[in-house]
Amino acid sequence: MSKLVKGFLIVFSSIIGLIIAAVVIIPLVVDLNDYKPEIETLVKDKTGRTLKIEGQIDLSIFPWIGVSTGKLTLSNAKGFKETNFAVINESDIKVKLLPLLSKEVEVSTVVLKGLQLNLAKNEQGISNWDDLTAQKVTEPKPADISHVDADKSTSPALAALAIGGLVIEDSQVTWDDQQAKQHSVIKAFNLKLGAVAFNQAIPVTISLVLENTSPGLTEQLSLSTQVIIDNSMQKVELQQLVVDSKTTGSIVSGGVAQVNLQSDIKADLKSQQFNLSAFKLESKVEGSIIPGGLLTAVLTSEIAIDLQQQTAKLSDLQLNSNLLNVSGNIDAQKITDKPSYSGAIKIAQFSPKALLQQLQMAVPKTSDESVLNKLAMQFNLQGTQNSIALEKLVINLDDTQVNGFARVSQFNKPAIAFKLVVDTIDVDRYTAPPEKTTPLKTATPATAVAATTTLIPVETIRGLNIQGDLSIAQLKVAKLTMSGVSLNLKAKNGVVTTKQKISKLYKGSYSGQLTVNAKSKKPRIFLNEKISGVQLEPLFSDMQLNQSIKLKGTANIKAKLNTQGNTVPEMKSTLAGNFDFVVKKGALTGFNVQKMIDLGRMFAQSKTMQGNYNNEQTLFTVLQGSARVKQGVINNPDLLLDSSTIEVKGGGTANLVNEALNYKLAAKVKQASTKSVQVKGRPIVIKVAGTFAQPSYKVDVLSMVTEHEQKKINKEIDKHLGEGAGKAVNDLLKSFF
């Protein structure tokens, strides 16, 4: 037994001695530099490229087996302008020898210095590495699998892996794409990777400068983190990740964009789960690319992504900037198939006016300078690739609150739906102040939109697909106050229809329907309106109509009208339809029928006519009539004004095209006001002419003179002026009246 042990020790000692001798002798005897030509020839044969080994090759065996080289160059593919495809000024790589016997790989720090890699693509789309990656066609040889062990078909697993680190210094990668006319350079590239070992933090730092010609930019980028990889290489952590970027050039219009990203990242590659905790993204953009010259923003969140479940979650989302502050949570589903998302978003109160000023945008001029100073919003967000919805929407604008929802689907041809409930709003506060030289114009509720435009956007209407409801508890617009306002809007296939109601309008109500059909070249407009029990005096007072004649009373009006055209003149000239009106217990101010009758009475009594009746008014029990409209001309044949003392009947026309008036009214007294001359029942004719802006009135006083009285007057005139003079004077007077 002792001899056996002694023999074993002798053999083992001999083997160890041989190994030591090899480690010492081989580097002294074998010089790889002697094999440079063979290595260069081998590369030429295999790749067709020229490899130049300009520096020394140093070989080591124990305890590290490795190679260190000087400068290496590999030529470019034929047809490309750069001489070299790759250049390495210095490299060093070593693997520890003894651990290899136990299937353990321990690598020293790998060093690459002065790496230059020139990547290119020509105008035909061929890259300068295609020849290196192309598979060579060889005759297949039949495989002898009769003695292959199935268990040996897979590569043996490593027992351990350890890398001392990786250092890449002062390297450069150039990309020249002649096909896309793009040229980019990554230079000053430095990478430092610390000792690599499973389940231990590996420090990593990267820095580089990216230069691009189109668009022109220069970007300085740096990254640092601690990487942890488990034994299965399926779980990776990036601790204390910090990425800094600074961008300049024409892409930011000569300004500067700076970005800082921080987070701790955990990735499970097997389950495809990724978690970004303490995520923080800071940005600062300066220059003319940003209205106002400055934008700062900080985004923070907790992010969880599960690719197997196709979910993503952003919780505790905060976006704070010098413009807006936003918070919320967002959940996404089916992120790789059919993405959809939902969440709650809140926009903190800010000043729209200050925001516009900061963005150097025009601030709308408003009648009330205190508006547009407070705006806040919150809503539940829902959406897909082709839709978005703001549910449970709450908007606070100055003193107004809006609740409801807004939805948009089919982004290529948007279909819009909404329902908004407004508590109270004074629209006049937000309108531009009227110019001193421009009289204030107002519009009726149903035609407010049409009155403020001269052309209907036909193409826009044809593309609309909208359905929504708007209700306003208290509304002031065009100096009119109203409550219980509701609007239903439908727009589809070139037809827009609105149904509107006002439950309280100056002690009355209003309802109407407006339809715009834009299918044809010239749109058609249909109006159907009804006003019930509206007090006209406060209505006209708020409208501030600058007219000499104003109407008082309680109005009931019905109208069905239609027109066609795309300009105001066209609409006026094609207006058609009918309407009727009844005004009860009212008055016409600036127009006194009773006084006009008195004029005729005085004339009939040969008394002096005097007095100014411009500030008088005509009281009535009822004022009513109906009208037919054709080609812009209103024909009103049955106008009636009735009171306890007078009655006015008549008719006429009002031309909307040239604004001409042509009315003839017959007024008579129901009760005689004098005993000397009986005028009861005698009509006096009043002619109304002129225009809407400047109406004129003529009283035909001779119409009150009876035939007997006229003969008597003519006889007296003949007596003093000669026979026939009375008839001539009578005809002359008729021409005046």
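Both backbone and side-chain heavy atoms feed into the values below; hydrogens, waters and symmetry mates do not.
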Could you check whether Glu40 pairs with Arg49 (Lys NZ or Arg NE/NH1/NH2 to Asp/Glu carboxylate O, under 4.0 Å)? no
Test side-chain contact (heavy atoms from CB on, under 4.5 Å) on Leu191 and Thr205 and set out the steps. CA-CA 6 Å; Leu191 167 64; Thr205 59; over 6 Å; no
In the structure I gave you, are the side-chain heavy atoms of Thr73 and Phe85 within less than 4.5 Å of one another anywhere? no
Side-chain contact, heavy-atom cut-off 4.5 Å: Leu381 with Tyr341? yes
How long is the span from the CG atom in Leu281 to the OG atom in Ser301, to the nearest 0.5 Å? 11.0 Å
Pair Lys235 + Glu237, salt bridge at N-O below 4.0 Å: no
Any side-chain heavy atom of Val185 within less than 4.5 Å of one from Gln172? yes
Distance-only donor-acceptor check, side chains Asp306 and Gln273, under 3.5 Å: yes
Does either side chain, that of Asn128 or that of Asn76, offer a donor lying less than 3.5 Å from an acceptor on the other one? yes
Mind listing the closest non-hydrogen atom pair of Ala201 and Gln226 along with its distance? CB-OE1, 3.5 Å
I'd like to check Ile345 versus Ile330 (side-chain heavy atoms, cut-off strictly below 4.5 Å). Are they in contact? yes
For residues Val236 and Val227, determine if any side-chain heavy atom of one lies less than 4.5 Å from a side-chain heavy atom of the other. yes
Looking only at heavy atoms, which two atoms of Asn325 and Ser321 are closest? And how far apart? OD1-N, 3.4 Å
Under the side-chain contact (heavy atoms from CB on, under 4.5 Å) rule, what do Met233 and Phe198 come out as? Steps first, then yes or no, please. CA-CA 8 Å; Met233 301 184 70; Phe198 292 126; 3.6 Å; yes
For the side chain of Ser327 and the backbone of Leu317, is there at least one donor-acceptor N/O pair under 3.5 Å apart? no
Do any N or O atoms from the side chain of Asn190 and from the backbone of Ala188 form a donor-acceptor pair under 3.5 angstrom? yes
Between Asn84 and Asn118, does any side-chain donor sit less than 3.5 Å from a side-chain acceptor? no
Hey, are the side chains of Phe274 and Leu307 touching, using non-hydrogen atoms and a 4.5 Å cut-off? yes
Between Lys71 and Glu90, does at least one N-O distance fall below 4.0 Å, as a salt bridge requires? no
Looking at Pro215, is its backbone amide N or carbonyl O close enough to the side chain of Asn212 to form a donor-acceptor pair, meaning the two atoms are under 3.5 Å apart? yes
For the CD1 atom of Ile395 and the CG atom of Leu375, what is their distance to the nearest 0.5 Å? 7.5 Å
If we ignore hydrogens and angles and just use 3.5 Å, is the side chain of Thr384 paired with the main-chain N or O of Ser387 as donor and acceptor? yes
Does atom NZ of Lys313 have more than 12 heavy-atom neighbours from other groups under 6.0 Å away? no
Sort and list the pairs that fulfil salt bridge (Lys or Arg N to Asp or Glu O under 4.0 Å) and have at least one residue in residues 316-335, not counting sequence neighbours. none
Considering non-hydrogen atoms only, spot the tightest contact between Thr50 and Lys44 and give its length. OG1-NZ, 3.4 Å
List the atom of Glu302, the atom of Ala278, and the distance in Å for their closest heavy-atom pair. OE2-N, 3.0 Å
Would Gln116 and Ser171 count as a side-chain hydrogen bond (donor to acceptor under 3.5 Å, both in side chains) here? Give the steps. CA-CA 6 Å; Gln116 295 182 28; Ser171 297; over 6 Å; no
Between the CD1 atom in Ile88 and the CD atom in Glu54, the distance rounded to the nearest 0.5 Å is 12.0 Å
State the CD1-OG1 distance between Ile202 and Thr225, to the nearest 0.5 angstrom. 10.5 Å
Just to verify, what does Val43 make a side-chain contact (heavy atoms from CB on, under 4.5 Å) with, not counting sequence neighbours? Thr47, Leu51, Leu74
Stepwise side-chain contact (heavy atoms from CB on, under 4.5 Å) check, Gln258 with Glu286: CA-CA 9 Å; Gln258 299 181 69; Glu286 300 175 273; 4.2 Å; yes
Backbone N or O of Gly216 within a donor-acceptor pair of the Ser250 side chain at under 3.5 Å? yes
Can you spot which of Ile290, Asn322, Val285 makes a side chain to side chain contact (heavy atoms under 4.5 Å, CB included) with Thr296? Asn322
Tell me, do Phe189 and Leu115 make a side-chain contact under 4.5 Å, heavy atoms counted? no
Backbone N/O of Gln272 and side chain of Asp268: donor-acceptor pair under 3.5 Å: no
Do Leu359 and Leu355 pass the side-chain contact (heavy atoms from CB on, under 4.5 Å) test, and can you show the C-alpha distance, the side-chain angles, and the key distance before you say yes or no? CA-CA 6 Å; Leu359 294 175; Leu355 176 62; 4.0 Å; yes
Supply the atom-to-atom distance Lys280 NZ to Leu241 CG, rounded to the nearest 0.5 angstrom. 14.0 Å
Matching residue for Val408 among Ile388, Asn386, Asn465 - test: side chain to side chain contact (heavy atoms under 4.5 Å, CB included): Ile388
Nearest 0.5 Å, what's the CZ-CD1 distance between Phe279 and Ile265? 8.0 Å
Asn122 vs Phe80 side-chain heavy atoms within contact, under 4.5 Å: yes
Quiz question: by atom type and distance under 3.5 Å, do the side chains of Gln308 and Ser271 form a donor-acceptor pair? no
Is the backbone N or O of Leu276 less than 3.5 Å from a side-chain atom of Asp264, with the two atoms forming a donor-acceptor pair by type? no
Before giving the answer on side-chain hydrogen bond (donor to acceptor under 3.5 Å, both in side chains), spell out for Asn329 and Ser315 the whole-Å C-alpha distance, their side-chain angles and the decisive distance to 0.1 Å. CA-CA 5 Å; Asn329 299 282; Ser315 55; 5.0 Å; no
Judged by modelled atom types alone, do Gln262 and Asn260 share a side-chain donor-acceptor pair under 3.5 Å? yes
Return the minimal non-hydrogen interatomic distance between Ala362 and Leu356, and the atom names on each side. O-CD1, 4.0 Å
Residues, nucleotides or ligands: over 12 heavy atoms within 6.0 Å of Gln179 CD: yes
Which pair of non-hydrogen atoms, one from Pro339 and one from Gln385, has the smallest distance, and what is that distance? CD-CD, 3.4 Å
With no hydrogens and no angle check, is any side-chain donor or acceptor of Asp230 less than 3.5 Å from a backbone partner on Gln234? yes
Is a donor from one side chain sitting under 3.5 angstrom from an acceptor on the other, for Gln310 and Thr336? yes
Taking 4.0 angstrom as the limit, do Arg407 and Glu391 come out as a salt bridge? yes
